[in-house]
Amino acid sequence: GDIEYLPNTIRIVDYPGYPRLRNGINQYLGNAKAIIFVVDSRNISDEAIQSSGELLAHILTRPAFVEQDIPILIACNKTDMHGAKSDAFIFSRLEKELDKLKDTRSVLMETEGGDGAEGSNEIMLGTEERFDFSVDVASGVTSCSCSCKKRDFDTVQDFLQNLF
């Protein structure tokens, strides 16, 4: 059915992070007011962090993301469970992963060429220095701990309310 837009209401799009679906997120970035990037705080294997980092890198290098100046909240879910890592730890791990990806992506963009080649519709990921969310993402990236199971997501609600 039709969606009725009322004042002070928001539409939330739950988009999966599977690599094969990654390009589909582009259609939402043009109208996005914010991104809540949910990470399982118990699954911080190298593979999980790499996958999350690749999705974040994909988002951060879209022209629509940069043009819209979209803030990001990294919401670390399941922090109430045994073995969960803190949001500060996950934030730091993702920053380090993006630093690794920054170097790989800049080499790829150089080999593809910047004059109309396939990679030229991407924005560079970060500066020549170490990747740093506070420096390299003008719209801002913050993190929080939450637990959907325990309905502990006040920080997520605060983040959304501060957009309006």
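Numbers here simply count residues along the sequence, with the first being 1.
Between P71 and L163, the closest side-chain pair of non-hydrogen atoms falls below 4.5 Å. Side-chain contact between H58 and I25 is present, with at least one heavy-atom pair separated by less than 4.5 Å. Between E95 and D132, the closest side-chain pair of non-hydrogen atoms falls below 4.5 Å. In this structure, N77 and D40 have side chains that are not in contact, with every pair of non-hydrogen atoms separated by 4.5 Å or more. Side-chain contact between T61 and M124 is absent, with no heavy-atom pair separated by less than 4.5 Å.
Remark: E97 CD to I49 CD1 distance equals 7.5 Å, nearest 0.5 Å. The CG atom of D80 lies 7.5 Å from the NZ atom of K149; values are rounded to the nearest 0.5 Å. The CG atom of L94 sits 11.0 Å away from atom NZ of K96, with the distance rounded to the nearest 0.5 Å. Of the inter-residue distances, the one linking S143 atom OG with I74 atom CD1 reads 6.0 Å to the nearest 0.5 angstrom. In this structure, NZ in K33 is found 12.5 Å from CZ in R11, a value given to the nearest 0.5 Å.
There is a path of hydrophobic side-chain contacts, each under 4.5 Å, that joins L21 to F37.
A34 and F159 make their closest contact through CB-CE2, 3.6 Å (heavy atoms, listed as atom of the first residue, atom of the second, distance). The two residues S139 and F65 come nearest to each other via the heavy atoms OG-CZ, 3.5 Å. Of all the heavy atoms in I90 and C76, the pair that sits closest is CD1-SG, 3.8 Å. In this structure, I70 and A64 approach most closely via the heavy-atom pair CD1-O, 4.3 Å. Taking each heavy atom of A75 and I36 in turn, the nearest pair found is CB-CG2, 3.8 Å.
Between the T155 side chain and the C144 main chain, no donor and acceptor come within less than 3.5 Å of each other. When atom types are taken as modelled, the side chain of N26 and the backbone of N23 share a donor-acceptor pair closer than 3.5 angstrom. Proximity of a side-chain donor or acceptor of S51 to a complementary backbone N or O of E47 within less than 3.5 Å is not detected.
Remark: F91 pairs with F133 by the ring pair (Phe, Tyr, Trp, His ring centres under 6.0 Å) rule, at least two apart or across chains. For Y28, the ring pair (Phe, Tyr, Trp, His ring centres under 6.0 Å) partners two or more places apart in sequence, or in a different chain, are Y15. The salt bridge (charged side-chain N to carboxylate O under 4.0 Å, His left out) search around K85 returns none, not counting sequence neighbours. Residues forming a salt bridge (charged side-chain N to carboxylate O under 4.0 Å, His left out) with R22 (at least two apart in sequence, or on another chain): E54. Every residue was checked against the salt bridge (charged side-chain N to carboxylate O under 4.0 Å, His left out) condition with D154, not counting sequence neighbours, and none meets it. Scored by the salt bridge (charged side-chain N to carboxylate O under 4.0 Å, His left out) test, D87 finds no partners at all (sequence neighbours excluded).
Residues K102 and D99 are paired through a salt bridge, judged by an N-O separation under 4.0 Å between the basic side chain and the carboxylate. Ion pairing between D136 and R130 fails under the 4.0 Å rule for side-chain N and carboxylate O.
Within a 6.0 Å sphere centred on CG of N31, other residues, nucleotides and ligands contribute 12 heavy atoms or fewer.
Under the side-chain contact (heavy atoms from CB on, under 4.5 Å) rule, L60 has a single partner from L101, I123, L98, which is L98.
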List the steps, then state whether side-chain contact (heavy atoms from CB on, under 4.5 Å) holds for I59 with I35. CA-CA 10 Å; I59 292 167; I35 294 172; 3.6 Å; yes
